[in-house]
Amino acid sequence: AMLARLRSGTRECAHLVCHRAFSTQTRSYPVQATSVLGRVGAFAVVGAVASLASPIALAKDELALNEEEVIEITNWSGTHTVATHCYHQPETVEELVVLLQQSHDNGQKLRVVGSAISPNGLGLSSHGMVSIANLNAILNIDVATKQVTVQAGARVDQVVEALRPYNLTLANYASIREQQIGGYTQTGAHGTGARLSSVDEQVVGMELLTPGLGPLKLSAEIQPELFHLARVGLGALGIATTITLQCVDAHRLKEETLVLNHDEIKATHDERLRNNQHVRYMWLPYTDQVVVVQCNPAQPSDRVDQLDSSFVLAPLRNLLQSVRPDISKERALSLGFADLRDELLKAAPLDLAHVKRVNLAEAEFWRRHTGVTDVDWSDQVLGFECGGQQWVNEVAFPTGTLADNTHQDLGFVHDLLKLIEKHDVPAPCPIEQRWTARSASPMAHSNHPEVEALTSWVGIIMYLCDTDEEVRRNITQAFETYRGHVAQHLDEPYGAFVHWAKLEVPDDETAQAELRKRLHARFPVKEFNEARRKLDPKGILSNDFIEELFD
């Protein structure tokens with residue numbers, strides 16, 4: 001299935017900038033809509049989603065559908081592509097209402113797509129899509145309640161900048177800020193912080209446009225059960241048009257980076273989670289090293305440690321010169337951390353001995369990149385280098401409470417590292433680990449009966465560091481095997497479930513049936529489906545992903 005979805009090549013796109021250690025370049029994330037057949041007209045990239053240069057004019061009794069025009073949408077990681085002749089980007093909510101009603105009347109699929117950032121292409125559908133990128137207004141900022149109301153197409157970075165003059169910000173952030181607020185919350189995106197939940201918990205009100213019941217206003221006071229269910233609705237219960245978020249006072253953070261060995265991690269783990277506002281681990285396979293990034297409120301006197309970038313990057317640059325003589329010294333000096341790693345892996349991405357050498361060089365890089373590594377506003381500090389095109393699999397599982405950690409979090413990674421070595425998996429760095437507090441959204445992975453529950457998130461990765469189609473297919477196949485080992489040996493024992501935006505539905509019927517069984521046991525699928533039938537009786541908002549897992 002993954003091989004069939006893989007798309008190679010370089011695509012132009014809007015810049016989506018992540019924080020990176022000693023980066024000299026910005027990275028363009030490949031999200032693009034292109035004309036495949038027929039005449040589509042000029043396209044312009046808006047945010048991370050391409051749109052028609054002129055809005056689609058909708059007659060009240062017909063859909064904007066042209067069998068001769070096919071639009072191709074590719075997600076940012078280049079792992080999923082769909083072609084559709086039914087793609088819309090309304091300019092107003094009124095246009096969206098008309099479009100949704102027409103689609104419902106005609107039984108035409110209309111899957112809402114955000115910035116197409118989900119690694120599994122969660123928002124994509126070949127049968128019809130609607131982008132709400134143009135519905136991106138900041139509608140109201142209430143300083144007294146510290147709440148902001150936005151249209152769901154607004155991007156995280158837009159919201160942050162609108163809040164800045166009012167000395168407000170969002171409570172937590174995922175790794176990047178180009179997500180639209182709709183997709184950001186509907187999938188239960190998360191940052192890290194043992195006392196901070198996934199971002200859906202920031203939603204205190206929403207307006208949901210549904211095919212079956214029309215527009216609905218939802219909050220903890222208005223239809224609270226449906227409100228909590230719809231906060232992580234995966235775009236299947238309705239199209240979120242307006243979202244109100246609870247904010248916090250703007251604050252600066254001090255980021256400290258340190259490198260510990262496994263025994264040191266175990267000895268100080270509980271204290272570290274309790275004593276730091278944000279903690280992130282990066283485990284480095286085939287080494288005994290763990291990179292710890294911890295963030296706390298900054299003091300006025302805090303300053304970033306001045307590090308010599310040439311010294312810090314030398315382990316990676318030296319190895320690159322050794323294994324990639326085709327790269328000039330001048331070019332090697334121009335590459336930042338993530339680009340160096342990509343170029344190193346490109347030499348032999350699936351050769352175990354080579355991947356081990358790259359991991360060791362990265363470990364040395366991190367040992368040189370320690371101390372106070374950032375002091376800035378929270379939205380700037382909490383973003384981090386997320387690498388280039390990639391396959392990623394991230395699971396969430398309970399690990400007791402902050403006061404009484406069962407240490408499932410450390411046990412999972414310990415077993416994962418043993419599994420990697422047992423099967424000689426060419427696993428690159430890092431294995432990323434984060435934590436969140438409980439969410440009250442039933443479909444959120446951090447939802448739990450225990451109100452003090454602590455959830456750990458662990459992500460594995462393989463980089464699509466080459467544009468050659470055969471190389472990318474081989475990396476994809478290797479990652480599918482890697483991920484399969486995790487699913488087979490760790491998911492069930494640890495109660496781990498893959499994040500909604502990273503879950504790939506297996507083609508094998510037996511594996512798909514087993515996945516459905518586990519999901520039905522973990523999440524309120526019955527209630528979710530009852531809401532779907534009521535709010536979207538013809539299933540026009542669903543795509544293959546939703547139908548294969550829940551129908």
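Note that the numbering runs from 1 along the sequence shown for the chain.
For the pair Asp508 (side chain) and Ala511 (backbone), a donor-acceptor distance under 3.5 Å is present. A side-chain donor-acceptor contact under 3.5 Å links Thr481 to the backbone of Gln477.
Between Trp435 and His269, the ring planes are tilted. Angles from 30° to 60° get that label. The aromatic rings of His499 and His190 are tilted relative to each other, their planes meeting at an angle between 30° and 60°. Using the six-membered ring where Trp is involved, Trp500 and Phe550 have ring planes that are tilted, between 30° and 60° apart.
A 4.5 Å side-chain heavy-atom check between Val130 and Val113 finds every atom pair outside the cut-off. Between Glu72 and Thr81 the shortest side-chain heavy-atom distance falls below 4.5 Å. Looking at heavy atoms from C-beta onward, Leu237 lies out of side-chain contact with Gln186 at the 4.5 angstrom threshold. In this structure, His88 and Met129 have side chains that are not in contact, with every pair of non-hydrogen atoms separated by 4.5 Å or more. Put simply, the side chain of Leu417 does not reach to within 4.5 Å of the side chain of Glu421, judged on heavy atoms. Contact check for Leu273 versus Leu454: side-chain heavy atoms found under the 4.5 Å cut-off.
Aromatic pair His445/Phe523: ring centres closer than 6.0 Å. Aromatic ring centres of Phe397 and Phe497: separated by at least 6.0 Å.
Ion pairing between Arg341 and Glu362 holds under the 4.0 Å rule for side-chain N and carboxylate O. Using a cutoff of 4.0 Å between basic side-chain nitrogens and carboxylate oxygens, Glu548 and Arg516 are not scored as salt-bridged. Here Glu469 pairs with Arg473 in a salt bridge; the nearest charged N to carboxylate O distance falls below 4.0 Å.
Looking only at atom types and distance, the side chain of Glu547 has no donor-acceptor partner in the side chain of Asn543 under 3.5 Å away. Under the 3.5 Å distance criterion, with hydrogens and angles disregarded, a donor-acceptor pair is assigned to the side chains of Trp457 and Thr436. In summary, the side chains of Ser446 and Ser198 do present a donor paired with an acceptor at a separation below 3.5 Å, with no hydrogens or angles considered. Asp200 and Thr185 share no donor-acceptor pair across their side chains, judged by distance under 3.5 Å alone. Checking Ser456 against Gln408 by side-chain atom types alone, no donor-acceptor pair falls below 3.5 Å. A donor-acceptor contact closer than 3.5 angstrom is absent between the side chains of Arg155 and Ser115. Between the side chains of Asn405 and Thr399, at least one donor N or O lies within less than 3.5 Å of an accepting N or O. Between the side chains of Trp283 and Gln433, a donor-acceptor pair is found at a separation under 3.5 Å. With hydrogens and angles left out, the side-chain atoms of Asp270 and His407 include a donor and acceptor closer than 3.5 Å.
In plain terms, the two heavy atoms of Leu110 and Ser103 that are nearest each other are CD2-OG, 3.7 Å. Minimum interatomic distance between Asn447 and Arg522 (heavy atoms only, all atoms of both residues): O-NH2, 3.1 Å. When all heavy atoms of Asn172 and Tyr184 are compared, the closest pair comes out as O-OH, 3.5 Å. Ala427 and Tyr482 make their closest contact through CB-OH, 3.6 Å (heavy atoms, listed as atom of the first residue, atom of the second, distance).
In this structure, the separation between CD on Gln246 and CD on Gln202 is 9.0 Å, given to the nearest 0.5 Å. In this structure, Leu100 CG and Gln102 CD are separated by 10.0 Å, a value rounded to the nearest 0.5 Å. Interatomic distance, CZ of Arg231 versus CD1 of Ile243, reported as 11.0 Å (0.5 Å rounding). In this structure, the separation between CG on Leu208 and OG1 on Thr242 is 10.5 Å, given to the nearest 0.5 Å. A distance of 10.0 Å separates CD in Gln223 from CD in Glu225, rounded to the nearest 0.5 Å. Separation of atoms CZ (Arg111) and CG (Leu541) is listed at 7.5 Å; rounding is to 0.5 Å.
Partner of Leu124 under the side-chain contact (heavy atoms from CB on, under 4.5 Å) criterion, out of Ile73, Asp544, Thr84: Ile73 alone. A side-chain contact (heavy atoms from CB on, under 4.5 Å) with Tyr173 is found for one member of Leu196, Thr192, Leu382 and no other, namely Leu382.
Counting non-hydrogen atoms of neighbouring residues, nucleotides and ligands closer than 6.0 angstrom, the CZ atom of Arg272 exceeds 12 such neighbours. Remark: His414 NE2 is loosely packed, at most 12 non-hydrogen atoms of other residues, nucleotides or ligands lying under 6.0 Å away. Within 6.0 Å of CD on Glu450 lie more than 12 heavy atoms contributed by other residues, nucleotides or ligands.
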Q. Are Thr79 and Trp391 close enough, and set up right, to give a side-chain hydrogen bond (donor to acceptor under 3.5 Å, both in side chains), and what steps lead you there?
A. CA-CA 7 Å; Thr79 55; Trp391 280 111; over 6 Å; no
**Q.** Steps toward salt bridge (charged side-chain N to carboxylate O under 4.0 Å, His left out) verdict (Glu201, Arg438)
**A.** CA-CA 9 Å; Glu201 193 69 10; Arg438 177 184 181 269; over 6 Å; no
